[in-house]
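Read through the structure below, which is laid out as structure tokens, and then see the notes.
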Amino acid sequence: MATIRFEQVSKRFDKVAAVDNVSFEVNEGEFMVLVGPSGCGKSTLLRMIAGLEDITEGKLYLDGKLANDLPPKDRDIAIVFQNYALYPHMTAYENLAFGLKIRGLSKSDIHEKVMEAARILEIEPLLERKPKAMSGGQRQRVAIGRAIVRQPKVFLFDEPLSNLDAKLRGQMRLEIARLHKQLKTTVVYVTHDQVEAMTLGDRIAVVNKGKIQQIDTPQRLYDEPKNRFVAGFIGSPPMNFIEGKIEQTPAGLVFSDPTRQLIVPLPERPEFSTQIGQPLTFGIRPEHLHTHPAKGEKHYAALSVEVQLLERLGYESFAFARLGEQQVVARFSPEENVVSGEKISLFAETGKASFFAQ
Ligand code: ATP
């Protein structure tokens with residue numbers, strides 16, 4: 001078991017700041033997911049933990065000890081990559097055994113560890129096969145097995161499932177979750193897939209442009225995104241953003257959109273009173289827009305929209321509609337029967353909205 005702590009860590013490649021003054025901690029036994037768009041710096045963060053990348057500035061602590069200059073081999077960390085990195089001329093058994101062999105373990109110790117990892121991952125029938133005779137999912141399981149046999153203090157995963165098809169990705173996701181429950185080892189897992197992030201992470205760090213935007217539990221990230229980037233990145237389809245401005249009314253400060261259908265009292269935040277007349281974004285999730293006011297919901301606004309398209313997925317539907325010049329998407333149950341071109345009212349649960357200054 002181990003803890004990981006970044007203290008004001010930056011990494012520059014020439015002039016590019018891949019990681020920019022990042023501080024956060026991964027607790028013992030925690031499953032931490034780093035998620036963000038391509039090039040945001042998540043792999044660089046992971047590689048710094050493994051010691052595969054120098055740290056330009058700041059401090060990295062492993063188990064409370066400064067580790068900036070600790071050689072990778074002394075970190076007791078195993079890393080699983082996207083491209084498996086198995087030895088093609090070796091069987092699965094030999095691939096699992098290789099790292100233990102060069103560490104000088106006895107044949108019987110190696111056998112015990114390999115068989116234990118194979119049992120956990122249910123790959124016993126594959127042990128005599130070479131990688132080319134395995135499916136992508138099987139190869140990835142062997143790659144994970146190679147990390148497990150070492151019984152490291154920390155597992156690092158760098159987009160381990162992105163080469164697999166959707167079905168297999170779902171299966172492997174469950175296996176990784178099960179594995180973590182069983183082994184309780186600290187994990188840092190990099191992905192750009194928000195479903196993986198939401199389903200696997202005890203906590204998720206959302207990264208953009210080398211900076212951590214928010215670290216929270218999956219549900220809090222979804223319910224209380226700190227900024228527009230996080231709100232737009234977590235959730236599919238993403239949160240609707242309706243542009244408008246802050247207005248002073250006799251009843252207090254409100255958000256109003258250009259069609260003046262959406263006039264919503266603003267929550268108490270000191271910054272709003274200094275920004276009267278300034279642009280503000282109203283954010284609402286697709287599931288908080290309904291064809292009727294939600295039961296028991298006191299705060300809602302009715303919006304006249306024109307439906308452009310209804311996308312039916314069987315278990316739910318998405319209605320894409322226009323509110324003035326802006327587009328919104330609503331998540332409906334499959335029973336809802338709206339048609340393209342129809343003008344309808346959408347009821348927004350304004351109590352569940354987020355507001356973002358620009
Ligand atoms: P992806 O999801 O595409 O793998 P990422 O979020 O993991 O992206 P990083 O690989 O950490 O992003 O890269 C962050 C930034 O640093 C990018 O702008 C990238 O081009 C740059 N970068 C990464 N490695 C190097 C390097 N060895 N030399 C120069 N620039 C680099």
Side-chain angles (χ1 to χ4, degrees), residues 219-358:
Q219 197 63 51
R220 278 182 56 110
L221 273 185
Y222 190 80
D223 292 340
E224 295 166 46
K226 275 204 182 128
N227 59 36
R228 189 168 161 161
F229 179 82
V230 176
F233 196 78
I234 302 285
S236 177
M239 182 182 274
N240 293 297
F241 295 122
I242 298 172
E243 310 300 343
K245 61 177 197 286
I246 301 176
E247 263 183 33
Q248 176 80 64
T249 69
L253 292 177
V254 298
F255 166 89
S256 72
D257 84 306
T259 69
R260 304 203 61 78
Q261 297 184 52
L262 195 55
I263 296 188
V264 186
L266 287 177
E268 297 246 337
R269 274 198 236 155
E271 71 266 27
F272 288 152
S273 55
T274 62
Q275 293 170 352
I276 295 165
Q278 296 295 311
L280 189 71
T281 303
F282 170 89
I284 188 111
R285 297 265 180 217
E287 60 271 30
H288 297 142
L289 291 171
H290 312 278
T291 50
H292 297 93
K295 243 191 201 155
E297 176 67 44
K298 287 198 202 87
H299 305 288
Y300 61 83
L303 310 172
S304 295
V305 300
E306 183 176 327
V307 178
Q308 295 186 301
L309 180 75
L310 185 72
E311 219 175 54
R312 289 184 180 280
L313 298 180
Y315 53 96
E316 63 184 3
S317 303
F318 296 114
F320 295 85
R322 284 206 86 79
L323 170 73
E325 295 295 303
Q326 308 193 53
Q327 183 162 60
V328 292
V329 53
R331 187 193 298 269
F332 289 159
S333 76
E335 292 82 47
E336 288 295 354
N337 238 339
V338 299
V339 287
S340 305
E342 192 180 357
K343 290 205 166 83
I344 60 166
S345 289
L346 279 182
F347 293 85
E349 291 182 64
T350 53
K352 301 226 169 96
S354 304
F355 297 93
F356 307 104
Q358 284 153 350

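The basis for the numbers below is simple: all heavy atoms, side chains too, and nothing from hydrogens, waters or symmetry mates.
Two residues are said to be in side-chain contact when any heavy atoms from C-beta on lie closer than 4.5 Å; I284 and M239 fail this criterion. Between P225 and S354, the closest side-chain pair of non-hydrogen atoms falls below 4.5 Å. The shortest distance between side-chain heavy atoms of N240 and R285 does not fall below 4.5 Å. Residues V230 and L221 form a side-chain contact, since some pair of their non-hydrogen atoms from C-beta on lies under 4.5 Å apart. Under the 4.5 Å side-chain criterion, counting only non-hydrogen atoms from C-beta, L266 is in contact with L280.
Atoms CG and CG, on L289 and L303 in that order, are 7.0 Å from each other to the nearest 0.5 Å. Atom CD of residue E287 and atom CD of residue E349 lie 9.0 Å apart, to the nearest 0.5 angstrom. Summarising the geometry, atom CD belonging to E243 is positioned 11.5 Å from atom CG belonging to L262; distances are rounded to the nearest 0.5 Å. Of the inter-residue distances, the one linking T281 atom OG1 with N227 atom CG reads 11.5 Å to the nearest 0.5 angstrom. Note that CD1 of I246 and CD of Q278 are 7.5 Å apart. Values are rounded to the nearest 0.5 Å. Taking CD1 of I242 as the reference point, atom CD of Q326 lies at 6.5 Å (rounded to 0.5 Å).
Using modelled atom types, no side-chain atom of S236 and backbone atom of P238 make a donor-acceptor pair closer than 3.5 Å. Between the side chain of T259 and the backbone N or O of G324 there is no donor-acceptor pair closer than 3.5 Å.
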- Walk me through it: do R260 and E247 pass the test side chain to side chain contact (heavy atoms under 4.5 Å, CB included)? CA-CA 11 Å; R260 304 203 61 78; E247 263 183 33; 2.8 Å; yes
Does the salt bridge (Lys or Arg N to Asp or Glu O under 4.0 Å) test come out yes or no for R269 and E271, once each step is laid out?
CA-CA 6 Å; R269 274 198 236 155; E271 71 266 27; 3.5 Å; yes
Set out, in order, the CA-CA distance, both residues' side-chain angles and the distance that settles side chain to side chain contact (heavy atoms under 4.5 Å, CB included) for Q248 and L253, then state yes or no. CA-CA 5 Å; Q248 176 80 64; L253 292 177; 3.5 Å; yes
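Nearest approach of G244 to P258, heavy atoms of both residues: CA-CD, 4.4 Å. Shown here for L346 and A330, the closest heavy-atom pair between the two residues is CD2-CB, 4.3 Å. Closest approach of G283 and F241 over heavy atoms only: CA-CD2, 4.2 Å.
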Compile the donor-acceptor pairs under 3.5 Å between side chains in residues 305-312 and protein atoms, sequence neighbours left out, one pair per line.
residue	atom	partner	partner atom	Å
Q308	OE1	Q327	NE2	3.0
R312	NH1	P334	O	3.2
R312	NH2	N337	OD1	2.9

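Contacts classified as ring pair (Phe, Tyr, Trp, His ring centres under 6.0 Å) and involving residues 305-352 (residues at least two apart or in different chains) are given here: Y300-F347. The ring pair (Phe, Tyr, Trp, His ring centres under 6.0 Å) contacts involving residues 257-293 comprise F255-F282, F282-F355, where partners must be two or more places apart or lie in separate chains.
E316 is linked by a salt bridge (charged side-chain N to carboxylate O under 4.0 Å, His left out) to R331, counting only residues two or more places apart in sequence or in another chain. Applying the side-chain hydrogen bond (donor to acceptor under 3.5 Å, both in side chains) test to E325 and every residue at least two apart in sequence or in another chain returns nothing. For K226, there are no side-chain hydrogen bond (donor to acceptor under 3.5 Å, both in side chains) partners, not counting sequence neighbours.
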